[in-house]
Amino acid sequence: MAYRSGNPRYQRQTSLKELGEDGQERLYNAKVLVIGAGGLGCPALQYLVAAGVGTIGIADHDQVSLSNLHRQVLYSTDDIGLSKALRAADILASLNTEIEINAINTLLTSSNSLDIISQYDIILDGTDNFASRYMINDACVILDKTLVYGAISRFEGQVAIFNDRKEGEISTNYRDLFPDIPAEGEIQNCEETGVLGVLPGIIGCMMASETIKLIAGIGDPLINRLITYNTLNNQIYELEIQALPDTRLLIPSNAGEFKQTDYDWLCSGVSMPELEPDLFTQMLDHSEISVIDVRETHEIPLINEFEHQNIPLSVFRSKLASISADTVILFCQAGKRSAQAAKIMSEYYGNSKKIYSLKGGIINWKK
């Protein structure tokens, strides 16, 4: 269905000269995916639906619980035990009958998230755990999708826009803000620390506002910038985010590699034995050791300083049986993928082999 100009539903919005009918039509033609129909997702969804975003996806596998209701005000007591995605879609459909709302009642994983995210223009991350945030970020980078990020804790929240281009700047991603995955227990979630009920409403509305600005082409969206807001003192801080040279190396380079990445494990704090660069150099003299590069074949720098095999992480599982050495050293660009490959190999061989990952990757070794 084509956009109908002069729709009285949006009259207060189209009367804004900065937005007008052209901006409203852009909203109608846009496709937005909200991941997480919880504290952040509920207010964001309500205002995106009301604003007339033409196609909205709601991805959430969780069910409504009593402890949700003080902040997830889209739901009521009667909804306890029901699917958040399905129930949210039903409620929102009655708010605006002129748009398409897709309920995705499934857990997003590295196996299915690329297929789901690829169908939308802008992604809102309303999740509450690091595994999901890194996975969603990496998927958006691979698919070149704009990511609107929000997070909350206790009395403070933050909003930023990643993977969108601003004139004269390099686009940033979530890993530029958090290049190192926090250790387990280092940063607690809302279930552990609590959250003031109105806070996700404020931050979720800010996420919706930034999304509308992006789609309609108005204002100055928070591209490469992060805003934090504190409800206790109403202080707002803004900082610029810079693209770091090594963060892109931590992101899977293609869909195959992405689907092989275990984000839950990467964010679990469990680590495999790592070799310091100096010890790695010493061990290269031992002929019975097998050294394996788990990067994709096109990645640089090329390595000609020592003998090694190349088994990309994207096909690593299928090649495990071909690794015969009793001691194996794995390396990648920065050490993240080789650590994951070491985990995969350890699960396959158990204690029958000594398996190491080069700490800091080949970039660090070359330094």
Side-chain angles (χ1 to χ4, degrees), residues 110-111 113-114 131 134-135 137-144 163 170 173-176 179-181 243-267 270-284 286 289-325 327-349 353-367:
S110 55
S111 298
S113 57
L114 290 178
Y134 281 102
M135 181 188 70
N137 172 80
D138 293 358
C140 287
V141 172
I142 291 171
L143 295 170
D144 196 22
N163 206 45
I170 300 173
N173 67 82
Y174 180 73
R175 291 181 182 271
D176 292 314
D180 298 317
I181 297 174
L244 302 176
D246 293 336
T247 54
R248 289 295 174 117
L249 305 177
L250 303 176
I251 298 173
S253 58
N254 55 50
E257 186 181 323
F258 176 86
K259 290 179 179 180
Q260 293 289 331
T261 302
D262 186 341
Y263 285 90
D264 287 325
W265 177 81
L266 286 176
C267 296
V270 178
S271 61
M272 299 301 298
E274 290 185 310
L275 280 183
E276 295 288 345
D278 290 345
L279 184 55
F280 172 67
T281 302
Q282 296 176 28
M283 293 181 71
L284 290 174
H286 298 278
I289 292 176
S290 178
V291 181
I292 301 175
D293 181 357
V294 300
R295 300 177 301 166
E296 298 299 310
T297 55
H298 65 272
E299 291 187 57
I300 56 175
L302 299 176
I303 305 302
N304 50 29
E305 291 92 338
F306 52 84
E307 292 186 6
H308 64 280
Q309 294 175 263
N310 179 230
I311 307 179
L313 184 63
S314 57
V315 298
F316 194 76
R317 291 181 188 274
S318 64
K319 303 292 185 180
L320 285 170
S322 66
I323 303 174
S324 58
T327 301
V328 178
I329 304 174
L330 305 160
F331 73 88
C332 65
Q333 205 79 338
K336 302 295 185 181
R337 285 175 283 168
S338 58
Q340 185 178 352
K343 175 182 179 291
I344 294 170
M345 194 171 176
S346 178
E347 290 174 347
Y348 183 85
Y349 282 106
K353 294 181 184 294
K354 293 181 179 180
I355 304 165
Y356 302 94
S357 171
L358 176 59
K359 186 175 182 179
I362 202 65
I363 296 294
N364 188 43
W365 179 79
K366 274 185 164 290
K367 289 180 180 178

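Since the structure is predicted, the reported quantities are computational estimates derived from the model, not experimental observations.
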Minimum heavy-atom separation for [X] and [Y], please, with both atom names.
X: Q309; Y: S290; answer: OE1-OG, 3.2 Å
X: A255; Y: I142; answer: N-CG2, 4.5 Å
X: D264; Y: A131; answer: OD1-CB, 3.4 Å
X: Q260; Y: S314; answer: CG-O, 3.5 Å
X: N163; Y: C140; answer: ND2-O, 2.9 Å
X: P252; Y: E257; answer: CA-OE2, 3.2 Å

Report yes or no: does [X] contribute a side-chain atom to a donor-acceptor pair with the main-chain N or O of [Y] at less than 3.5 Å?
X: N310; Y: D293; answer: yes
X: N364; Y: G361; answer: no
X: K259; Y: N254; answer: no
X: Y349; Y: L320; answer: yes
X: H298; Y: E296; answer: no

Quick one: pull up [atom1] in [X] and [atom2] in [Y] and give me the separation to the nearest 0.5 Å.
X: M345; Y: F316; atom1: CE; atom2: CZ; value: 5.5 Å
X: I329; Y: S357; atom1: CD1; atom2: OG; value: 10.0 Å
X: D176; Y: N137; atom1: CG; atom2: CG; value: 8.5 Å
X: I323; Y: L330; atom1: CD1; atom2: CG; value: 7.0 Å
X: L275; Y: S338; atom1: CG; atom2: OG; value: 10.0 Å
X: R317; Y: E347; atom1: CZ; atom2: CD; value: 6.5 Å

Less than 4.5 Å apart, any side-chain heavy atom of [X] and any of [Y]?
X: D262; Y: S110; result: no
X: E305; Y: L284; result: no
X: I289; Y: K354; result: no
X: I303; Y: F331; result: yes

- Message: Please identify which of these residues, I362, I300, L313, meets the side-chain contact (heavy atoms from CB on, under 4.5 Å) condition with R295.
- Response: I362

- Item | Intermediate values then yes/no, side-chain contact (heavy atoms from CB on, under 4.5 Å), L358 and V291 | CA-CA 10 Å; L358 176 59; V291 181; over 6 Å; no

- Any chance you could lay out the side-chain contact (heavy atoms from CB on, under 4.5 Å) test for W365 and K359, step after step, and finish with the verdict? CA-CA 8 Å; W365 179 79; K359 186 175 182 179; over 6 Å; no

- Could you check Y174 against V141 for side-chain contact (heavy atoms from CB on, under 4.5 Å), going step by step and ending with a plain yes or no? CA-CA 10 Å; Y174 180 73; V141 172; over 6 Å; no

- Task: Quick one: do D138 and R175 satisfy side-chain contact (heavy atoms from CB on, under 4.5 Å)? Show the steps, please.
- Result: CA-CA 9 Å; D138 293 358; R175 291 181 182 271; 2.7 Å; yes

